[in-house]
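Data block below; observations after.
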There are 2 protein chains.
Amino acid sequence: MTQSDDRQPQREAMPCSTCCQMAGAWPECAPAGQALGAPGIEASQRLVRLRKGEFLYLLGDPVTSIYAIRVGSIKTHVTTEDGRTQVVAFHFPGDMVGLDSLVRPHYASYATALEDTKLCLFTVDALRLAAATLAPLGRQLLQALDGQLQRAREVQTMLALMTAEERLVTFLLWLADGLALRGFSSSAFVLRMSREEIGSYIGLTLETVSRQLSRLAEGGLITVRHRTITLLDKPALRAIAARATILAHAPAPRLRRAGGASAPAQG
Amino acid sequence: MTQSDDRQPQREAMPCSTCCQMAGAWPECAPAGQALGAPGIEASQRLVRLRKGEFLYLLGDPVTSIYAIRVGSIKTHVTTEDGRTQVVAFHFPGDMVGLDSLVRPHYASYATALEDTKLCLFTVDALRLAAATLAPLGRQLLQALDGQLQRAREVQTMLALMTAEERLVTFLLWLADGLALRGFSSSAFVLRMSREEIGSYIGLTLETVSRQLSRLAEGGLITVRHRTITLLDKPALRAIAARATILAHAPAPRLRRAGGASAPAQG
DNA sequence: CGAGGAGTTGACTTTGTTCAATCCCCGTGG
DNA sequence: CCACGGGGATTGAACAAAGTCAACTCCTCG
């Protein structure tokens, strides 16, 4: 392999136009309010530089902007109650970073540079303004889409680091919370799906699902009769699920230093 | 438990207005082009009824509409090359179904009723029209968001049913494909992340990642030197990953009848 | 050149899967 | 009204895959 073919691609500078194409049909990273298609939008084209290990943003920070990577790479990650770190995505040149937080007031993850990285910054004011011009429909779509992405990432985290018991309890609580949201009893309900379907969703076999349900019942935390479930001790259940639940307004992540600047500054 | 509290909530009829609130700030399910916020949009308010086990749509079908659940519940699922089924989401009253396919020409999953279900139908023509009126920015956002959702679901599926080897190979191929997209060599590249970070992403420990890399190298499929990876036998690698890869323009799913067919029928 | 983080490798343990037998509703039909 | 059949669910035992703990090597960075 020659250098030309074996080079370290991500380190190669990439013209912004290229990165922006990648990001979708972004206009040049240079100011281009026009191209954004909504009147009055300033693309407020700033360039951000990060060194390896530095944070682009922290979970819980107010969402001020989203980014497109020009050069380098970024990981977005979360931490769990018990201190484990879960990488939810890797981002490479052309990818958007922070998109999953667009419709939120606070970032839903940490973003850390895996190497020296340059990004185009788009102020969220501009984007929100654009969003405001969207049909309400569009906003709702965005909102709903974001909700589904969020849930998918929760599942992702669940599958990556929860035990069978934790997964099942988490799943039951999701159902309960869903029912509560809709104004129904959240402590007694009927499963609409088979053990097999549950297992498929949370990455277990139907036997394991069944066994775990039995164990929880033995422990007096729930009652199981066919597909009718009663949650007897929600605090205890939440405690189990919490072990590997994503911290929402979290403390500091541990992986890597944050280069001082944006660092959570804990040692 | 009394009936009043222990009733089967999801079976309860729910006024459409309620379901629509749930779905975001959807207008009444009754015709309300106005409320959609874009001129000329017909909400083309149709109601769809499904009986338990029926499909709402199939993977690969042209995307004609998306739905909001009024009563009932839906699972969306995919199948893998080797015939396993993976549930990617459960949807309950108020949830949107098919949203993840909005920006695509074909549905990216199957949607099956878990019980008798009623849904509000929104023709995608109307939605696309709305999308067309969005700033190009908005469309790109939608596109990018959808891309991230898709990837999250791929990870979800990977975590739920792939072995360590399959996960790692899939991950390497994702990296390679990403590089190829960006015009770089896709057979030799440098990992930007540690074994630990890879492991976190694909749900393995760093030791397992290391071991699997070694095994693949032993087998002559790849070369590993520190963080420099060379893919020597991509067909073989693809074959490994394919075992549990989501079928794109798939045949029929086996779980439940769709009016006739049933069980996985293999064994 | 030294220190320390990253990576590899091995031995052992744990967790969940697999295979298989059995149970239990529930709906059907006698 | 009750027997029967069948799919979903439960449970057990053996097994396998990945995790854990630990020792050791090798770069890389300072």
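All of these numbers come straight from a predicted model, not from anything done at the bench. Note on naming: letters A, B, ... go to the chains in the order of the sequence lines (proteins, then strands), and numbering restarts at 1 for each one. Just so it is clear, the values below take in all heavy atoms, side chains as well, and ignore hydrogens, waters and symmetry mates.
- Between A/I229 atom CD1 and D/dG8 atom C1' the separation is 14 Å, expressed in whole Å.
- A distance-only check finds no donor-acceptor pair linking the side chain of B/S210 to the backbone of B/L206 [under 3.5 Å].
- Taking atom CG on A/L191 and atom P on D/dG8, their separation rounds to 15 Å, with Å as the unit.
- Here ring pair (Phe, Tyr, Trp, His ring centres under 6.0 Å) pairs that include residues 147-167 of chain A, with residues two or more places apart or in two chains, number zero.
- At a threshold of 4.0 angstrom between heavy atoms, the contacts of B/G199 with the nucleic acid are absent.
- In this structure, the CD1 atom of B/I202 is 17 Å from the P atom of D/dA17, given to the nearest Å.
- Put simply, B/R211 has no side-chain N or O that comes within less than 4.0 Å of OP1 or OP2 on D/dG19.
- Residue B/L216 contributes atom CG, which lies 12 Å from atom P of C/dT8 at whole-angstrom precision.
- Judged by distance alone, the side chain of B/R243 and the main-chain N or O of B/E166 form no donor-acceptor pair under 3.5 Å.
- Within the structure, the salt bridge (charged side-chain N to carboxylate O under 4.0 Å, His left out) test picks out the following pairs touching residues 83-94 of chain A (sequence neighbours left out): A/D82-A/R84.
- The residue A/S214 sits close only to the backbone: its heavy atoms come under 4.0 Å of sugar-phosphate atoms, none of a base.
- Residues in residues 205-227 of chain A take part in no ring pair (Phe, Tyr, Trp, His ring centres under 6.0 Å) pair, two or more places apart or across chains.
- Comment: A/K234 does not engage A/D177 in a salt bridge, judged by the lack of any side-chain N to carboxylate O separation of less than 4.0 angstrom.
- Partners of B/E207 under the side chain to side chain contact (heavy atoms under 4.5 Å, CB included) rule, at least two apart in sequence or in another chain, are B/T205, B/R211.
- DNA chain C is contacted by A/T163, A/A164 of residues 152-168 of chain A, taking any non-hydrogen atom closer than 4.0 Å.
- Base contact: A/L206 has a heavy atom under 4.0 Å from a base atom.
- Looking at the side chain of A/V224, the nearest of the listed nucleotides C/dG16, D/dT10, D/dG19 is D/dT10.
- The distance from atom CZ of A/R227 to atom C1' of D/dT10 is 14 Å, rounded to the nearest whole Å.
- Distance, B/I198 CD1 to C/dA6 P: 13 Å, rounded to whole Å.
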Produce a footprint string for nucleotides 22-30 of chain D: one letter per nucleotide, 5' end first; B if the base is under 4.0 Å from any protein heavy atom, S if only the sugar-phosphate is, - if neither.
-----S---
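- Taking 4.0 angstrom as the limit, B/T205 places a side-chain polar atom (N or O) nearer than this to OP1 or OP2 of D/dG19.
- The base of C/dT15 does not come close enough to the side chain of A/R215 for any donor and acceptor atom to sit less than 3.5 Å apart.
- Contacts of B/D233 classified as side chain to side chain contact (heavy atoms under 4.5 Å, CB included), with partners at least two apart in sequence or in another chain: B/L221, B/P235, B/A236.
- Atom P of nucleotide D/dA9 and atom CD of A/Q212 are separated by 16 Å, given to the nearest angstrom.
- Side-chain nitrogen and oxygen atoms of A/R195 include at least one within less than 4.0 Å of the OP1 or OP2 phosphate oxygen of D/dT10.
- Residues satisfying the ring pair (Phe, Tyr, Trp, His ring centres under 6.0 Å) criterion with B/F90, sequence neighbours excluded, are A/F171, A/Y201.
- In this structure, B/Q86 has no side chain to side chain donor-acceptor pair (under 3.5 Å) partners at least two apart in sequence or on a different chain.
- Partners of B/A89 according to the side chain to side chain contact (heavy atoms under 4.5 Å, CB included) rule, which considers only residues two or more places apart in sequence or in another chain, are B/T76, B/H91, B/R153.
- For B/S214, there are no side chain to side chain contact (heavy atoms under 4.5 Å, CB included) partners two or more places apart in sequence or in a different chain.
- The distance from atom CD of B/E197 to atom P of C/dG5 is 15 Å, rounded to the nearest whole Å.
- Summary for the helix from C/dC1-D/dG30 to C/dG30-D/dC1: the axes at its two ends, each from 5 pairs, differ by 40° when rounded to the nearest 10 degrees.
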